[in-house]
Amino acid sequence: IEEMSPFLRKISTFSIAMLASASAHAIQFDGFFTVGASIHDDDTNKDNPIADGRENVYISSLGDRGITQDLTFETDTRFGLQISSDVSESMSVVAQLLGRGTNSNFDAIVEWAYVDWEFADWISLRAGKVKQPVYLVNDYVEVGYAYPWIRPPVEVYYLNNPLNTVNGAELLLAFPVGPGTLSFQPYIGSNRDDIPNTGGQAYFEAENIYGIDVKYSGRGYTVHASNFQCDVKTFGGLTNVPTAFGFDVDVDLSGQGECDVTSAGLTFDVANVVVYAEWQERTTTDKLSRPFGDQDAWYATLGYRIGKWLPHITYATIDGKASTYSPEAVSCGDANCDLTPVGNPATVPAGTPLFNFPIAVQTSITAGLRYEVNDSAALKFEYAVVDVENDPNELASTNNPLGVNYGLFNTDFTLAPPEDKVGIASIALDVIF
């Protein structure tokens, strides 16, 4: 070592220190893997000349590939590795690496990483990139083996709150109360991400996120309520997009505002009966409502275990109000707009505001079957029927004058939304190790 340069000596010393540290503080690895395939049967755009052979994509998973009319394995296939190590008796470091199908390929990201500092048995602090405690299965939403569905109901989980983590800090306070444990989880932070359904052409920055989750858990049951608020700035939009409705569209999504998201849920797993139910509501101020209109959604799941089998059924719905702020962002331009292609025989005069970014209105019924292969693997089958609302009278109440609603399908305006109910078939194998 004496003959080494000062730089190499430092590197060598650092490497020896790291090896010594690794031996003193054992690193633990835990992982999960899901391989899945899915397909839907919507062919609304088969005769659409500007679709160029493309079909609607159903937003359905943690990645951004979605479900298409072609059998795809990228949507639900993912691999995760959790790494943890004790720094001391009261402090540990935890991180999760997640690989999943995306539009670019199969990308790996650091899903979360934080320091956990336990001050006492009833209180600890986490700081770093932490899970945002909003939903029942939020802490393990990527781990398919941990819940009955192939994917949590998309109406609640993947639209109302595009964030799954925050860069910040959270406290965990837990107290024994009666037969269970009462916990409080306040947190603060910030984050940024793409605005869903814009194809990466618009994004948002959420600052001053602060919220709290209150939970009561006992043997076989959990109930919780959560709320968070934030300041949001949005950037980007869609420009000169030819649509399936006979006119071009511009949607400027840049702006800023405030959000308020409230949710509540319960899960019950006793005597072979399995119940999940959650509700969420998102409200935003006027300028922010252009990309993030007011939405409310809920679902209920009922299942019953028969040996290694768990048949279950889920009903889910999402509704809301689209923005009417700054409607001049989208207009017919210099000519009248013929709305016949979208089922409305009326003609809108030139310059009449059309819409900002539409909110989702749909219901779905999903029948599923889970089979316990062994203590670490589960095989799942699901078939969902998605009903995207297309009644102009119903959509008028959502501030949608065009009567154009994509539900939870992509809002690429070059494609027409589904005209009929859409069937979605899925199969997946979940493994933990």
Side-chain angles (χ1 to χ4, degrees), residues 30-42 55-82 96-109 111 135-159 162 164 196 274 276 278 299 301 303 305 308-316 362 364-386 407-410 422-433:
D30 299 285
F32 58 89
F33 178 71
T34 294
V35 57
S38 53
I39 189 172
H40 73 64
D41 62 4
D42 175 55
E55 285 293 338
N56 287 316
V57 176
Y58 191 62
I59 308 168
S60 60
S61 67
L62 297 166
D64 55 8
R65 295 299 287 263
I67 297 173
T68 68
Q69 199 178 12
D70 298 316
L71 186 68
T72 176
F73 285 82
E74 289 88 352
T75 300
D76 294 308
T77 300
R78 58 189 179 271
F79 172 83
L81 187 65
Q82 181 173 307
Q96 179 177 288
L97 306 180
L98 179 66
R100 61 191 179 191
T102 65
N103 283 329
S104 58
N105 197 353
F106 196 86
D107 295 342
I109 62 170
E111 180 67 7
Y135 307 111
L136 277 172
V137 303
N138 203 84
D139 286 346
Y140 47 89
V141 66
E142 301 91 0
V143 187
Y145 181 82
Y147 41 76
W149 323 281
I150 289 179
R151 62 194 75 88
V154 65
E155 285 83 354
V156 170
Y157 273 76
Y158 298 123
L159 189 73
N164 193 34
V274 177
Y276 284 81
E278 291 187 79
Y299 76 86
T301 296
R305 283 195 178 86
K308 292 187 175 183
W309 299 90
L310 174 62
H312 57 87
I313 189 166
T314 299
Y315 177 84
Q362 75 168 44
S364 67
I365 298 176
T366 303
L369 182 64
R370 171 181 172 134
Y371 174 71
E372 302 295 330
V373 178
N374 52 50
D375 291 341
S376 300
L379 182 63
K380 301 175 183 177
F381 308 89
E382 283 185 1
Y383 186 78
V385 177
V386 177
L408 293 174
F409 288 82
N410 60 292
V422 180
I424 301 175
S426 306
I427 182 174
L429 176 66
D430 296 315
V431 179
I432 56 174
F433 56 90

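Worth saying up front: this structure is predicted, and the values here are computed from it rather than measured. Only heavy atoms go into these numbers, but all of them, side chains included; no hydrogens, no water, no symmetry mates. We're numbering straight along the sequence, starting at 1.
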Go through Asn164 and Glu142 one step at a time and tell me if the side-chain contact (heavy atoms from CB on, under 4.5 Å) criterion holds. CA-CA 10 Å; Asn164 193 34; Glu142 301 91 0; 3.3 Å; yes
Search all heavy atoms of Val386 against all heavy atoms of Phe409 and return the closest pair with its distance. CG1-CE1, 4.2 Å
For Gly36, is there any backbone N or O sitting under 3.5 Å from a side-chain donor or acceptor partner on Thr77? yes
Can we call the ring centroids of Phe33 and Phe433 under 6.0 Å apart? no
Where the side chain of Gln69 meets the backbone of Glu55, is there a donor-acceptor pair that is under 3.5 Å apart? no
Would Trp149 and Tyr276 count as a side-chain contact (heavy atoms from CB on, under 4.5 Å) here? Give the steps. CA-CA 11 Å; Trp149 323 281; Tyr276 284 81; 3.7 Å; yes
Could you walk me through whether Glu155 and Tyr299 pass the side-chain contact (heavy atoms from CB on, under 4.5 Å) check? CA-CA 8 Å; Glu155 285 83 354; Tyr299 76 86; 5.9 Å; no
Exercise: do Thr314 and Thr301 side chains pair donor with acceptor under 3.5 Å: yes
Determine the minimum heavy-atom distance between Tyr383 and Gly423, stating which atoms define it. OH-CA, 3.3 Å
Quick one, Val422 with Asp41, criterion side-chain contact (heavy atoms from CB on, under 4.5 Å). Give me CA distance, side-chain angles, the key distance, then yes/no. CA-CA 6 Å; Val422 180; Asp41 62 4; 3.6 Å; yes
Ignoring hydrogens and angles, tell me if any N or O in the side chain of Glu278 forms a donor-acceptor pair with the backbone of Val156 under 3.5 Å. no
Checking Arg370 against Tyr147: charged group under 6.0 Å from the ring centre and within 45 degrees of the axis? no
Of the non-hydrogen atoms in Tyr145 and Glu372, which two are nearest, and what is the gap between them? OH-OE1, 3.6 Å
Checking Arg151, Lys380, Glu382 against Ser426 for side chain to side chain donor-acceptor pair (under 3.5 Å), the one that qualifies is Arg151
Backbone N/O of Gly66 and side chain of Thr75: donor-acceptor pair under 3.5 Å: yes
Result for side chain to side chain contact (heavy atoms under 4.5 Å, CB included) between Tyr58 and one of Thr68, Val154, Asp42 points to Val154
Does a sphere of radius 6.0 Å around CG in Asn374 hold more than 12 heavy atoms from other residues, nucleotides or ligands, not counting ones at 6.0 Å or beyond? yes
Over all heavy atoms of both residues, which pair between Ser38 and Asp76 is shortest? Give the atoms and the distance, please. OG-OD2, 3.9 Å
Could you tell me whether the side chain of Gln362 and the main chain of Leu408 form a donor-acceptor pair under 3.5 Å? yes
